[in-house]
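In what follows, every heavy atom counts, from backbone to side chain, and hydrogens, waters and symmetry copies are set aside. Bear in mind the structure is a predicted one, so any value in this text is a computation, not a measurement.
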Amino acid sequence: MSNTEPESQAAASIDPSTDPVRIKRAKIAKWTLIANRVGYLFVALAMALFFMAFAFGFTSVMATLVIISLVIGCVLLAPSIILGYAVKAADRDDRERGL
């Protein structure tokens with residue numbers, strides 16, 4: 001018999017609250033949630049500004065505000081959605097492996 005534990009026992013003995021990978025993953029999940037909320041807020045602001053401009057008349061200022069808020073929303077949402085799915089997939093993979 002060897003002195004090393006099998007991989008399944010070694011992985012099972014790791015405490016999830018002190019696992020550095022899970023701690024980092026939780027931080028990433030927190031920041032992606034914040035970025036999602038702020039990103040969707042900027043998209044909603046762009047829509048509201050667009051309809052206000054549509055109702056009261058388009059000016060260059062309103063068009064600029066719509067474009068800026070839409071770009072900020074997209075810049076925040078694109079990576080946060082991808083990272084959010086990555087964190088969920090990693091968590092699901094850990095659960096399926098029994099870690």
Side-chain angles (χ1 to χ4, degrees):
M1 276 199 133
S2 67
N3 292 344
T4 60
E5 295 180 351
E7 266 188 56
S8 61
Q9 288 179 353
S13 66
I14 297 174
D15 185 20
S17 63
T18 60
D19 185 11
V21 173
R22 290 190 184 192
I23 292 170
K24 192 169 192 172
R25 193 183 299 157
K27 288 179 185 178
I28 292 171
K30 181 185 88 166
W31 284 106
T32 57
L33 180 65
I34 292 170
N36 266 332
R37 290 180 179 171
V38 173
Y40 281 120
L41 181 69
F42 273 102
V43 170
L45 175 66
M47 290 174 52
L49 289 172
F50 176 80
F51 286 118
M52 287 174 50
F54 186 73
F56 301 122
F58 280 97
T59 63
S60 63
V61 172
M62 287 300 283
T64 303
L65 289 175
V66 169
I67 292 170
I68 288 173
S69 60
L70 191 60
V71 167
I72 291 172
C74 291
V75 165
L76 287 172
L77 281 174
S80 69
I81 289 172
I82 293 169
L83 287 174
Y85 278 117
V87 167
K88 289 175 189 174
D91 285 339
R92 185 178 58 243
D93 186 54
D94 283 351
R95 279 194 312 271
E96 287 174 356
R97 289 178 172 202
L99 298 177

Sequence neighbours left out, what passes side-chain contact (heavy atoms from CB on, under 4.5 Å) with V75? Give chain and number order. V71
About how many Å separate CG of L45 and CG of L65, when rounded to the nearest 0.5 Å? 8.0 Å
In terms of hydrophobic clusters joined by side-chain contacts under 4.5 Å, are I67 and V61 together? no
Test: salt bridge (Lys or Arg N to Asp or Glu O under 4.0 Å). Region: residues 24-53. Which pairs qualify, not counting sequence neighbours? R25-D91, R25-D94
Scan for ring pair (Phe, Tyr, Trp, His ring centres under 6.0 Å) pairs involving residues 56-79, sequence neighbours excluded, and state none if there are none. F50-F58
Hydrophobic cluster membership, V87 vs I82, 4.5 Å side-chain cutoff: no
With the 4.5 Å side-chain cut-off for hydrophobic clustering, are I72 and L49 part of the same group? yes
Do I68 and M52 share a hydrophobic cluster (ILVMFWY, side-chain heavy atoms under 4.5 Å, transitive)? yes
Side chain to side chain, V43 and L77, heavy atoms closer than 4.5 Å: yes
Please answer: with hydrophobic residues joined when any side-chain heavy atoms are less than 4.5 Å apart, are I28 and I23 in the same cluster? no
Pairs satisfying side chain to side chain donor-acceptor pair (under 3.5 Å), at least one member in residues 58-77, at least two apart: none
My understanding is that only residues two or more places apart in sequence, or in another chain, count here; which of them pass side-chain contact (heavy atoms from CB on, under 4.5 Å) with F51? none
For residues 74-86, pull every pair meeting side chain to side chain donor-acceptor pair (under 3.5 Å), keeping only residues two or more places apart or in separate chains. N36-S80
For residues 28-48, the ring pair (Phe, Tyr, Trp, His ring centres under 6.0 Å) pairs (sequence neighbours left out) are none
Measure the CG-CD1 distance between L76 and I81 for me, rounded to the nearest 0.5 Å. 10.5 Å
Please list, chain by chain and in numerical order, all residues satisfying salt bridge (Lys or Arg N to Asp or Glu O under 4.0 Å) with R97, sequence neighbours excluded. D93
